[in-house]
Amino acid sequence: MKVRVLFFGASHDITGCEEEQIELADGHALGDLRRQYESRFPKLAQMGGSLLTAVNQEVRGSSWRLADGDEVAFLPPVSGGHDGDGTPESGRTADFFRLTREPIPTARLAEDLKASADGAVVVFEGIVRDHLGQRRTLYLEYEGYEPMALAKMEEIGRETRERFAIDRVGIIHRLGRINITETSVAIIVTSEHRRAAFEACHYAIDRLKQVVPIWKKEYLEDGVIWAEGEGRQAEASRREVVEK
């Protein structure tokens, strides 16, 4: 059987390729494939549980059985986004979940989300700062597993709506090169009351940094590094338990 393998973030740098097509014996498990690549590229093994693997845009454990035509992606910890308008939730035409390579027009997007029943709009903007510790930052580059990133952003939107009494939610993330002071991500929440809007916005950015497959490369005055993402060992462990 043939499987398409994709590499993102640090795994892209370690392997030196974005993707490759490989042939495997029938019955191959995801863990077998991962060990095969770790043998070829020992630095992948050093990433341990922080390196997740997805099959057809869903994170899976090592026991997952692969099938002909599957797409496997190696996903380092995310560092938190198909250009265009994204896909709104059914029945909620004002909600949006987007990726863009253009500057984010936060004020206009917030204005578009507001409705006459709203009593609050809360906006979070993540912007590019000019330093990392004592090191000077020149600019950033963001890379994303785009179909999965959009799906996860929509998932966060659904979670946020279930947890908080909000009216609308919008999430947009930049890809490509971003300069100092530019907005890399914006989250906008409207609600009848301010507390729900604040709490929902806080929840959404935290979840985005945990689960949306977007990676940040920092171009510093003295070198280039991938930003460290938030750990996802617990999520990987839960997934493994469920699949067993």
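Under the 4.5 Å side-chain heavy-atom criterion for ILVMFWY residues, a single connected hydrophobic cluster contains both L51 and L66. One hydrophobic cluster holds both V55 and M1 under the rule that ILVMFWY side chains link at heavy-atom gaps under 4.5 Å. By the criterion of side-chain heavy atoms lying less than 4.5 angstrom apart, applied directly or through intervening Ile, Leu, Val, Met, Phe, Trp or Tyr residues, V128 is grouped together with I171 in one hydrophobic cluster. Transitive grouping of hydrophobic side chains (ILVMFWY, heavy atoms separated by less than 4.5 Å) brings F41 and V72 into a common cluster. Hydrophobic clustering, with ILVMFWY side chains joined whenever heavy atoms are under 4.5 angstrom apart, groups L30 together with F74.
Surrounding CD of E18 are at most 12 heavy atoms belonging to other residues, nucleotides or ligands under 6.0 Å away. Remark: R135 CZ is packed, more than 12 non-hydrogen atoms of other residues, nucleotides or ligands lying under 6.0 Å away. Within a 6.0 Å radius of CD in Q36, more than 12 heavy atoms belonging to other residues, nucleotides or ligands are found.
Remark: Y145 engages F8 in a ring-ring contact (aromatic ring centres under 6.0 Å, His included) (not counting sequence neighbours).
Here the side chain of D95 pairs no donor or acceptor atom with the backbone of R168 at under 3.5 angstrom. Remark: the backbone N or O of K114 is not paired with any side-chain donor or acceptor of T190 at under 3.5 angstrom. Judged by distance alone, the side chain of T53 and the main-chain N or O of S62 form no donor-acceptor pair under 3.5 Å. Under a 3.5 Å cut-off, the side chain of R161 and the backbone N or O of D167 do form a donor-acceptor pair.
The side-chain contact (heavy atoms from CB on, under 4.5 Å) test with M148 is passed by exactly one of V211, V212, V59, I214: V59.
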Practice problem: Using the salt bridge (Lys or Arg N to Asp or Glu O under 4.0 Å) rule, take E19 and R4 through it: C-alpha gap first, then chi angles, then the decisive distance, then the call. | Solution: CA-CA 7 Å; E19 66 175 86; R4 182 187 182 205; 2.9 Å; yes

Quiz item: How far apart are the C-alpha atoms of K152 and E155, what are their side-chain angles, what is the distance that settles it, and do they pass the salt bridge (Lys or Arg N to Asp or Glu O under 4.0 Å) test?
Solution: CA-CA 5 Å; K152 288 297 181 182; E155 181 180 301; 3.6 Å; yes

Exercise. Would you please test E141 and I178 for side chain to side chain contact (heavy atoms under 4.5 Å, CB included) and show each step?
Key: CA-CA 6 Å; E141 280 188 357; I178 310 178; over 6 Å; no

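Summarising the geometry, atom CG belonging to L44 is positioned 7.0 Å from atom CZ belonging to F7; distances are rounded to the nearest 0.5 Å. Atom CD1 of residue I127 and atom CG of residue N179 lie 13.0 Å apart, to the nearest 0.5 angstrom. To the nearest 0.5 Å, atom CD of residue E71 and atom CG of residue L6 are 4.5 Å apart. We find the CG-CD1 distance between D206 and I187 to be 8.5 Å, quoted to the nearest 0.5 Å. Rounded to the nearest 0.5 angstrom, D130 CG and T137 OG1 are separated by 7.0 Å. Atom NE2 of residue H131 and atom CZ of residue R136 lie 13.0 Å apart, to the nearest 0.5 angstrom.
Inter-residue side-chain proximity for L175 and E146 is flagged as met; some heavy-atom pair is nearer than 4.5 Å. Between D70 and H28 there is no side-chain heavy-atom pair separated by less than 4.5 Å. Taking 4.5 Å as the limit, some side-chain heavy atom of Y37 sits within range of a side-chain heavy atom of E20. Annotation: side chain of K43 is in contact with side chain of Q46 (closest heavy-atom distance under 4.5 Å). You'll find the side chain of E125 stays beyond 4.5 Å of the side chain of V185, heavy atoms only. No side-chain heavy atom of I156 sits less than 4.5 Å from a side-chain heavy atom of F97.
A salt bridge links E38 with R34; the closest basic N to acidic carboxylate O contact falls under 4.0 Å.
R174 and P103 get closest at one heavy-atom pair: NH1-CA, 3.5 Å. G9 and E143 make their closest contact through N-OE2, 2.8 Å (heavy atoms, listed as atom of the first residue, atom of the second, distance). The nearest pair of heavy atoms linking D118 to L113 is OD2-O, 4.0 Å. Taking all atoms of both residues into account, the shortest heavy-atom contact from A197 to A120 is CB-CB, 4.4 Å. Closest non-hydrogen pair, L75 versus A54, comes out as CD1-CB, 3.7 Å. Taking all atoms of both residues into account, the shortest heavy-atom contact from A196 to A165 is CB-O, 3.5 Å.
Between H173 and Y142, the ring planes lie perpendicular to each other; the angle is over 60°, past the 30° to 60° tilted range.
The hydrophobic cluster containing L138 also includes Y139, Y219, V224, under a criterion of side-chain heavy atoms closer than 4.5 Å among ILVMFWY residues, counted directly or through chains of members.
Residue pairs meeting the ring-ring contact (aromatic ring centres under 6.0 Å, His included) criterion with at least one partner in residues 183-209, sequence neighbours excluded, are F164-Y203.
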